[in-house]
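To start, the structure itself, in structure tokens.
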Protein chains: 2
Amino acid sequence: MDQPDTDMDVDEKDIDILKTIADTETRSPDRISEVTGIPLSTVNYRLKQLREAEVIRNDHYDIDLEALGFEITFVIQIIAGYEEDTYEPLGEKLADIDGITHVYFTAGDTDFFVIAQLSDPEMVEDLITTLERLDGVERTISTYTISTLLDGHEPLQQISRETMRDRLLD
Amino acid sequence: MDQPDTDMDVDEKDIDILKTIADTETRSPDRISEVTGIPLSTVNYRLKQLREAEVIRNDHYDIDLEALGFEITFVIQIIAGYEEDTYEPLGEKLADIDGITHVYFTAGDTDFFVIAQLSDPEMVEDLITTLERLDGVERTISTYTISTLLDGHEPLQQISRETMRDRLLD
DNA sequence: ACTGAAAGGGTCAAAAC
DNA sequence: GTTTTGACCCTTTCAGT
């Protein structure tokens, strides 16, 4: 994941705007202005800055793969072989595989945690087979997800205003 | 996660529209129409249907917590106690904790896989302490993420057009 | 499934505070 | 650095085919 060189400096107004976006699930500058009491033009001005700092990456549609028919979720742990320089390319290969939506390269016994969303048992089988055959993969542990309680699609809902203030101000 | 009663019935045009949204990272009906060659009015018509089927949940901003200052990611496995009816409420409690962005209730030795995004070591400590103290939590395994190669923010990019056709048509 | 037209908001730039 | 204004453009909706 690319990230900006330095973190954004945010203030109370930015936090208000960001929390309103997350909590009311809107992107209408008009509504944000209504809810926060910040003038519309200022909302636009701040939004522009937040976009420049890449805190807001894009305005886009929130697609629900589950509703589309990819209802099976797996958490897969991947233990890789020893070679130092196989991690990077292996991570990229993982990120390219159909159905894999998240790839975390981690410290510890497990080298990668991967999340996949699949449509049917056949697609599950295909994925596991593909993974086992990948160069550098030593072992995989696949865990079936009974239910997804929180899927990270609105991440700012998951951080309270107080935490944002405590951790981001000054 | 709520989900619609039945899956959406999609056809080639819907797949074209959805893939264009994901690949070009646009939500402009105008651009979608341009890229796919489907008349603007039809694009609008299909988009409305996709919204009604909740495949498209919302148009929203894509917020990058990392860019905001929550740069530390952990994958946390949670092993719960024995009682049957503690899972549901425990899952909900997990989803409410500050910094936790994903919660998967899983089959197997680990009961929950959780992903958290945090700002600093103090927030990490707070989270682990909170988790260990939760009723029903027997043990936690926290894994530090060295780098996030794919964060699921544009899930449809992760499914090829061929797979969509194979798995969703008929 | 597609068209055309009308209405409502969003966006951008210039300028004032 | 923030706010106002106004003009332009795109999206959305609806009645009609």
Side-chain angles (χ1 to χ4, degrees), chain A residues 4-64 67-68 154 156 164-165 168-170, chain B residues 6-64 67-69 154 156 161 164-165 168-170:
Chain A
D5 298 342
T6 66
D7 286 351
M8 163 108 194
D9 250 339
V10 297
D11 65 9
E12 283 275 353
K13 274 185 191 166
D14 294 311
I15 291 178
D16 267 7
I17 290 170
L18 288 168
K19 276 305 277 180
T20 302
I21 289 169
D23 292 345
T24 66
E25 298 196 13
T26 190
R27 29 161 282 282
S28 156
D30 218 29
R31 283 225 52 203
I32 299 168
S33 168
E34 244 176 64
V35 174
T36 58
I38 299 169
L40 175 59
S41 45
T42 308
V43 171
N44 278 317
Y45 174 68
R46 299 299 186 110
L47 287 176
K48 198 178 161 196
Q49 292 184 89
L50 288 163
R51 262 189 281 255
E52 272 157 18
E54 291 176 52
V55 170
I56 295 174
R57 286 189 279 205
N58 200 0
D59 21 329
H60 74 173
Y61 288 126
D62 181 14
I63 305 287
D64 187 347
L68 229 201
E154 202 72 89
L156 258 187
M164 287 186 72
R165 266 198 283 265
L168 300 179
L169 296 186
D170 323 336
Chain B
T6 66
D7 287 351
M8 164 108 194
D9 250 340
V10 296
D11 65 9
E12 283 276 354
K13 274 184 190 166
D14 294 310
I15 290 178
D16 268 6
I17 290 170
L18 287 168
K19 276 306 277 180
T20 303
I21 289 170
D23 293 345
T24 66
E25 298 197 11
T26 190
R27 27 163 283 280
S28 155
D30 219 28
R31 286 225 50 205
I32 299 168
S33 167
E34 244 175 64
V35 175
T36 58
I38 299 170
L40 176 58
S41 45
T42 308
V43 172
N44 276 317
Y45 174 69
R46 298 300 186 109
L47 286 176
K48 200 177 159 197
Q49 290 184 79
L50 287 163
R51 262 190 282 253
E52 272 157 19
E54 291 174 51
V55 171
I56 295 174
R57 287 190 278 206
N58 201 1
D59 20 330
H60 75 173
Y61 289 125
D62 182 11
I63 305 288
D64 187 346
L68 229 200
E154 201 73 87
L156 257 187
R161 203 175 289 251
M164 286 186 71
R165 267 199 282 266
L168 300 179
L169 296 185
D170 328 332

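Fair warning: this is a prediction, and the values are worked out from it, not measured in the lab. All chains are named by letter (A, B, ...) in the order of the sequence lines, taking the proteins before the strands, and each is independently numbered beginning at 1.
Here B:S41 lies in heavy-atom contact (under 4.0 Å) with a base.
Between B:D59 atom CG and C:dG9 atom P the separation is 15 Å, expressed in whole Å. As rounded to whole Å, 7 Å separates atom C1' of D:dT13 from atom NZ of B:K48. In this entry the distance linking CD of A:Q49 with C1' of C:dT11 reads 16 Å, nearest Å. Separating the CD1 atom of B:I17 from the C1' atom of C:dA1 is a distance of 12 Å, rounded to the nearest angstrom. Atom NE2 of A:H60 and atom C1' of D:dT11 are 18 Å apart (whole Å). Separating the CZ atom of B:R31 from the C1' atom of D:dC9 is a distance of 16 Å, rounded to the nearest angstrom. Atom CZ of B:R27 is separated from atom C1' of C:dG9 by 11 Å (rounded to the nearest Å). Rounded to whole Å, the distance from CD1 on B:I38 to P on C:dA1 is 11 Å.
The B:S28 side chain lies nearest to D:dC10 when the options are D:dT12, C:dT11, D:dC10. Considering only side-chain atoms of A:R46, the nucleotide from C:dA1, C:dT11, D:dT2 that sits closest is D:dT2. The side chain of A:N44 lies closest to C:dT11 when the candidates are D:dC10, D:dT12, C:dT11. Checked against D:dT12, C:dT3, C:dG10, the side chain of A:P29 finds its nearest nucleotide in C:dG10. Here the side chain of A:Y45 is nearest to one of C:dA1, C:dG10, D:dG1, namely D:dG1. Of the candidates D:dT2, C:dT3, C:dA1, the closest approach to any side-chain atom of B:P39 belongs to C:dT3. Checking C:dT11, C:dA1, D:dT2 against the side-chain heavy atoms of A:K13 singles out D:dT2 as nearest.
Counting heavy atoms from C-beta outward, B:T26 and B:V35 have side chains that stay 4.5 Å or more apart. A:D59 has its side chain out of reach of B:D59: every pair of non-hydrogen atoms, C-beta onward, lies at least 4.5 Å apart.
Taking CZ from B:R46 and CD1 from B:I32, the interatomic distance works out to 12.5 Å, rounded to the nearest 0.5 Å.
Minimum heavy-atom separation, B:I38 to B:I17: CD1-CG1, 4.0 Å.
Contact annotation: B:T42 reaches the phosphate of C:dC2 (side-chain N/O to OP1 or OP2, under 4.0 Å).
A:M164 pairs with exactly one of A:V10, A:D14, A:L156 by the side-chain contact (heavy atoms from CB on, under 4.5 Å) rule, that one being A:L156.
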